[in-house]
Amino acid sequence: MTSDDRPTVQPAMDPMDDLVLAVRGDGDSSAPDYELPPAVTLDQASDVLGLDRADGLRMAEAGTYPLKVIPVGPEGYRVGTAPLIRAAGLGAVREALRIEG
């Protein structure tokens, strides 16, 4: 099993005092392997899940999106990064967000 299969995900603050998710591939390190945003756009989540963006929006509006969506503003949605990692894997999320590591 690689470290990406079962990462630990915890809230943290980055050096600029912004909330991030500290993702560690193994429990032996005190420093995170990656810092990811707590939530991603619906379009980013749909890409990770292999959904067409328009279909993802329709599903979010209908309440049938495969993950919990967070309404933001009058017409926007976000999806939590931790549930997305659990659903699609850290590698897919890292690639979609273009996180190096």
Side-chain angles (χ1 to χ4, degrees):
M1 174 175 4
T2 67
S3 61
D4 283 358
D5 290 338
R6 294 209 186 273
T8 59
V9 181
Q10 298 176 319
M13 302 299 281
D14 74 2
M16 302 298 290
D17 286 334
D18 290 325
L19 179 65
V20 295
L21 293 179
V23 182
R24 292 176 179 82
D26 60 43
D28 296 333
S29 173
S30 61
D33 296 321
Y34 314 100
E35 289 181 348
L36 301 175
V40 299
T41 67
L42 184 67
D43 286 348
Q44 289 171 316
S46 294
D47 287 344
V48 169
L49 296 173
L51 300 172
D52 178 78
R53 290 177 177 204
D55 290 341
L57 179 58
R58 280 192 288 275
M59 293 169 77
E61 290 172 341
T64 60
Y65 198 79
L67 298 173
K68 181 180 178 183
V69 295
I70 305 160
V72 178
E75 298 179 11
Y77 296 97
R78 298 267 192 254
V79 175
T81 303
L84 187 60
I85 290 170
R86 285 192 293 275
L90 177 58
V93 175
R94 266 195 357 233
E95 185 168 322
L97 299 179
R98 292 174 179 41
I99 302 296
E100 297 296 321

As a test of understanding, state which of Thr81, Asp43, Leu84, Ile85 forms a side-chain contact (heavy atoms from CB on, under 4.5 Å) with Val48.
Leu84

Which heavy atom of Tyr77 sits nearest to which heavy atom of Pro71, and what is that distance?
CD2-CA, 4.0 Å

Between atom [atom1] of [X] and atom [atom2] of [Y], what is the distance when rounded to the nearest 0.5 Å?
X: Arg53; Y: Gln44; atom1: CZ; atom2: CD; result: 8.0 Å
X: Leu49; Y: Asp55; atom1: CG; atom2: CG; result: 12.5 Å
X: Asp52; Y: Arg58; atom1: CG; atom2: CZ; result: 7.0 Å

Under 4.5 Å between any side-chain heavy atoms of Val93 and Val40, yes or no?
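Contact flag for Val93/Val40 side chains = no.
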
Are any of the side-chain heavy atoms of Ser46 and Met59 separated by less than 4.5 Å?
no

Can you check side-chain contact (heavy atoms from CB on, under 4.5 Å) on Arg78 and Thr41, steps first, answer last?
CA-CA 5 Å; Arg78 298 267 192 254; Thr41 67; 3.0 Å; yes

